[in-house]
Protein chains: 2
Amino acid sequence: MTQKPDQAPAADADALPRQQRTYTIGELAQIFEVTPRTIRFYEQEGLLAPSRQGQKRIYREKDRVRLKLTLRGKRLGFSLAEIREVVMMYDAMPDGNARQLRRLLELLAEKRANLERQQEDIRLMRLEIDDVDQRARDVLRQLEKPL
Amino acid sequence: MTQKPDQAPAADADALPRQQRTYTIGELAQIFEVTPRTIRFYEQEGLLAPSRQGQKRIYREKDRVRLKLTLRGKRLGFSLAEIREVVMMYDAMPDGNARQLRRLLELLAEKRANLERQQEDIRLMRLEIDDVDQRARDVLRQLEKPL
DNA sequence: GACGAGGTTTACGTTAACGTAAAGTGCTTG
DNA sequence: CAAGCACTTTACGTTAACGTAAACCTCGTC
């Protein structure tokens with residue numbers, strides 16, 4: 001029963017060259033610490049398009065990367081709609097219409113500007129945090145001094 | 001009618017030393033490009049606590065800074081609850097209980113870690129964007145070449 | 001062949017962060 | 001003093017991003 005490596009799922013899964021590996025929804029969910037529901041929802045929103053094997057969803061490397069990018073976008077506060085916009089244009093690239101491509105470049109510039117503002121926000125917030133931290137330590141030191 | 005600088009609101013407002021300046025809700029809203037509703041909502045959520053003059057809210061420099069920090073937090077994807085947590089502990093600092101202070105330091109460390117992950121996310125997403133940008137430009141060039 | 005572990009669809013519920021509308025207060029300006 | 005603005009409270013509506021529950025397959029295993 002262990003001679004048919006047709007689609008070995010679990011045991012020697014990490015022996016495959018990764019590009020050919022497939023994932024179930026549960027596996028992906030575990031990897032990224034989200035629920036299957038979340039993954040299905042992202043599909044419904046047009047962010048993922050796994051193939052099917054009968055009724056079950058089959059995720060490939062491409063889908064895994066998509067999910068990773070989506071979650072990264074979310075951590076940065078982007079909405080699913082924004083993320084989808086970029087992802088879909090990216091997919092439409094190969095047979096790219098010139099107008100579409102220019103639009104994509106605009107979009108990318110927007111995102112870049114967004115990221116830069118975020119970097120500045122991070123820088124400032126770090127300064128604030130360091131300041132508060134310092135003051136808290138000072139107060140604490142004063143409290144512990146008169147022993 | 002222009003001799004009483006008691007609480008001059010508009011005309012020579014920028015002549016005041018800023019620390020004494022006060023703002024109406026509408027002014028603040030305009031400055032930060034949010035609606036008054038948003039500002040009231042933040043108050044309701046415990047993020048702002050303007051004084052009153054009769055029924056009207058009076059915002060001082062402190063409130064303006066609070067709002068600025070709040071909006072910065074939002075841009076970074078923090079929830080109002082998270083922001084409030086830090087803000088409230090900050091306010092409780094002066095009469096600080098040692099346990100509270102240590103808790104604050106923990107919280108700050110958390111936030112810092114969060115910011116660092118975000119920076120990494122930004123770095124990676126920039127790489128992605130630059131890559132997509134480059135490929136889009138390449139395709140575009142090929143489309144325009146055979147004139 | 002019952003069953004438990006995973007998968008599936010469908011559908012209603014929930015939370016955060018406001019938007020929007022109604023109805024009232026207070027000043028100042030023609 | 002009527003009109004208009006900017007403010008107020010109260011309350012219901014809305015959207016995004018899932019959570020949760022029910023009811024159903026399908027497969028390997030005891």
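All figures in this text were calculated on a predicted structure; none of them were measured in a lab.
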As a quick check of understanding, evaluate salt bridge (charged side-chain N to carboxylate O under 4.0 Å, His left out) for A:Glu120 and B:Arg75, giving each step before the final call.
CA-CA 11 Å; A:Glu120 178 64 4; B:Arg75 283 199 301 270; over 6 Å; no
Less than 4.5 Å apart, any side-chain heavy atom of B:Arg57 and any of B:Leu48?
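Sidechains of B:Leu48 and B:Arg57: no contact.
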Closest non-hydrogen contact found for A:Asp63 with A:Ile58 is OD2-O, 4.1 Å
Go through it in stages, so that I can follow the logic: the residues are A:Leu124 and A:Glu128, the test is side chain to side chain contact (heavy atoms under 4.5 Å, CB included), and I'd like the CA-CA distance, side-chain angles, deciding distance and then a yes or no.
CA-CA 6 Å; A:Leu124 295 175; A:Glu128 299 280 352; 5.6 Å; no
Tell me: [atom1] of [X] to [atom2] of [N], nearest whole Å?
| X | N | atom1 | atom2 | result |
| --- | --- | --- | --- | --- |
| B:Ile58 | C:dG26 | CD1 | P | 15 Å |
| B:Glu27 | D:dC7 | CD | P | 8 Å |
| B:Gln53 | D:dA6 | CD | P | 18 Å |
| B:Arg52 | C:dG26 | CZ | C1' | 15 Å |
| A:Ile25 | C:dT9 | CD1 | C1' | 12 Å |
| A:Gln44 | C:dT9 | CD | P | 10 Å |

Under the criterion salt bridge (charged side-chain N to carboxylate O under 4.0 Å, His left out), I'd like the reasoning laid out for B:Asp133 against B:Arg137: C-alpha separation, chi angles, the key distance, then a yes or no.
CA-CA 6 Å; B:Asp133 187 290; B:Arg137 284 178 201 282; 2.5 Å; yes
Ignoring hydrogens and angles, state whether a donor on the side chain of A:Arg60 or A:Ser51 is under 3.5 Å from an acceptor on the partner side chain.
yes
Reading nucleotides 13-19 of chain D from 5' to 3' and marking B where a protein heavy atom lies under 4.0 Å of the base, S where only the sugar-phosphate is that close, and - otherwise, the string is ----BBB
Between D:dC7, D:dT8, C:dT8, which one does the side chain of A:Gln55 approach most closely?
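Nearest listed nucleotide: C:dT8.
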Side chain of B:Arg40 only, please: which of C:dT9, C:dG7, D:dC7 is the nearest?
D:dC7
So, is B:Arg57 near the phosphate of D:dC7, with a side-chain N or O under 4.0 Å from OP1 or OP2?
no
